[in-house]
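Keep in mind the model is a prediction, meaning the values are calculated, not measured. First listed ligand is number 1; within each ligand, the first listed atom is number 1.
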Amino acid sequence: RAKEAGKNTYQFFDAQMNAQTFERLLMESGLRQALERQEFELHYQPQLSCDGQRLEGVEALLRWRHPQLGLVPPGRFIPLAEETGLIKPIGAWVLREACHQMVAWDKMGLCVPRLAVNLSARQFEQQTLLNEVNDVLAVTGLAASRLELEITESMLMHNPQEAVSLLRELKALGVKLSIDDFGTGYSSLSTLKRYPLDYLKVDRSFVEGLPDDEDSAAITEAIIAMARKLKFTVIAEGVETAAQSVFLANAGCAILQGYYYSRPLPVAQLQQWLAARQPALAEIVR
Ligand code: C2E
Ligand code: MG
Ligand code: MG
Ligand code: MG
């Protein structure tokens with residue numbers, strides 16, 4: 001009978017749902033406790049000048065050191081953190097932790113010129129962001145111009161009016177602003193020009209095909225040329241090869257970030273990476 005079959009299908013679906021719901025609940029409760037259990041850590045990825053010689057800054061990238069799952073990358077828990085609103089306290093922690101780290105490096109004599117922190121949509125909507133940024137700068141004493149906040153195109157599209165005023169207020173504090181993953185959304189450079197942004201990060205998907213894929217090459221060159229005319233400083237992400245870095249430098253990209261230079265590193269390893277480039281400092285990190 002149809003009713004029988006329907007019932008079986010329903011039961012099967014139900015069991016699957018339960019497993020999914022269970023896993024979600026497990027992740028969610030874990031995520032809820034992760035902050036107080038101090039399971040989050042930040043890794044830092046260097047950004048270099050286009051000749052590969054000078055450190056321009058680092059990007060803070062969040063990881064969750066889960067007792068059973070090991071090191072969980074952000075792609076696996078940030079969507080859930082956003083859905084549940086947990087991203088707000090987590091995002092606030094990231095900002096505080098990373099700024100404190102910058103000041104600690106200053107004290108060690110390790111020169112990290114600039115820090116980039118990723119913001120989530122939920123964090124960007126709230127007015128408390130201004131207070132959080134203001135507070136962390138006051139508490140740490142970090143110069144505002146050394147802090148760069150990364151936002152994405154979709155955060156601007158959602159409520160352009162509100163976004164403009166929030167960005168203006170952030171700029172008034174002295175922080176730098178960048179658009180992350182440019183090219184993956186639907187905004188044009190002319191739309192972006194309405195916002196007070198300093199940096200434009202070309203998405204990894206364009207860099208991937210360089211230098212051989214003709215379309216990637218043409219698009220990347222065009223983005224960089226236009227962005228420069230509009231006074232953005234261009235950063236390329238996902239640089240994995242020497243050939244890509246040469247192509248990007250020739251195309252006018254100012255800053256390069258990617259595995260070719262370094263993966264995102266835990267604090268101790270980043271310090272070693274820095275010291276290896278400033279031999280006089282090798283003693284400090286030992
Ligand atoms: P994103 O901001 O675009 O960060 C760049 C991602 O590309 C990082 O992945 C980085 O590890 C990876 N990557 C860097 N260089 C290369 C390369 O040469 N090749 C390849 N294949 N990958 C490279 P990760 O750390 O897994 O972060 C993924 C995304 O999670 C980030 O993308 C960002 O959107 C988000 N995220 C990370 N940390 C935070 C955070 O603290 N807050 C928020 N809201 N989002 C974060
Ligand atoms: Mg980013
Ligand atoms: Mg990015
Ligand atoms: Mg990206």
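- Taking CG from Leu149 and NZ from Lys171, the interatomic distance works out to 10.0 Å, rounded to the nearest 0.5 Å.
- The nearest N, O or S atom of Asp180 is closer to the Mg ion (ligand 3) than 2.8 Å.
- Residue-level proximity to ligand 1 for Leu42 is absent, since no heavy atom of it falls below 4.0 angstrom.
- Put simply, part of Gly238 is less than 4.0 Å from ligand 1, judged by heavy atoms.
- Ligand-side atoms of ligand 1 in range of Gly258: 15 (N), 18 (O), range being under 4.0 angstrom from any heavy atom.
- Glu41 and His43 share a donor-acceptor pair across their side chains, judged by distance under 3.5 Å alone.
- At a 4.0 Å heavy-atom cut-off, ligand 1 does not touch Ile90 at all.
- Ranked by closest heavy atom to atom 36 (N) of ligand 1, the top entry among Ile151, Thr241, Ile78 is Ile78.
- No donor-acceptor distance shorter than 3.5 angstrom exists from the side chain of Arg65 to the backbone of Glu39, with no hydrogens or angles considered.
- Of all atoms in ligand 1, numbered sequentially from 1 with element shown, those under 4.0 Å from a heavy atom of Val94 are 41 (O).
- For the atom pair SG of Cys111 and CE of Met102, the computed distance is 8.5 Å after rounding to the nearest 0.5 Å.
- For ligand 1, the polar-atom distance check finds an N/O of Leu62 within less than 3.5 Å of one of the ligand's N/O atoms.
- For a threshold of 3.5 Å applied to N or O pairs, the pair formed by Gln45 and ligand 1 contains at least one separation below that value.
- Checked by distance only, ligand 1 and Arg204 come closer than 3.5 Å through their nitrogen or oxygen atoms.
- Here Pro264 has side-chain heavy atoms under 4.0 Å from ligand 1, and that is the only part of it that gets that close.
- Close approach of ligand 1 to Ser120 (heavy-atom distance below 4.0 Å) involves ligand atoms 44 (N).
- Taking the six-membered ring for Trp, Trp105 and Tyr44 have ring centres closer than 6.0 Å.
- Relative orientation of the Trp64 and Phe77 rings is perpendicular, given thresholds of 30° and 60° on the angle between their planes.
- The closest side-chain donor-acceptor pair between Glu59 and Asn118 falls under 3.5 angstrom.
- In summary, an N, O or S atom of Glu150 is located under 2.8 Å from the Mg ion (ligand 2).
- Ser188 contributes a side-chain N or O that, together with a main-chain N or O of Thr191, makes up a donor-acceptor pair within less than 3.5 Å.
- For Thr152, no heavy-atom contact with ligand 1 is shorter than 4.0 Å.
- Within the listing of ligand 1, atoms 17 (C), 18 (O), 19 (N), 20 (C), 21 (N) sit less than 4.0 angstrom from a heavy atom of Glu240.
- Inclusion of Gln257 in the set of residues having an N or O under 3.5 Å from an N or O of ligand 1 is not warranted.
- The shortest separation from a heavy atom of Glu59 to ligand 1 is under 4.0 Å, placing the residue in contact.
- For the residues Asp180, Val207, Val239, the heavy atom positioned nearest atom 1 (P) of ligand 1 is part of Asp180.
- Contact annotation: Glu237 places an N, O or S atom under 2.8 Å from the Mg ion (ligand 3).
- Contact annotation: Lys201 has no heavy atom less than 4.0 Å from any atom of ligand 1.
- Taking each heavy atom of Pro46 and Leu270 in turn, the nearest pair found is CG-CD1, 3.9 Å.
- By the 6.0 Å and 45° rule, Lys193 stacks over the aromatic ring of Phe232.
- For Asp181, the N, O or S atom with the smallest separation from the Mg ion (ligand 3) is OD1.
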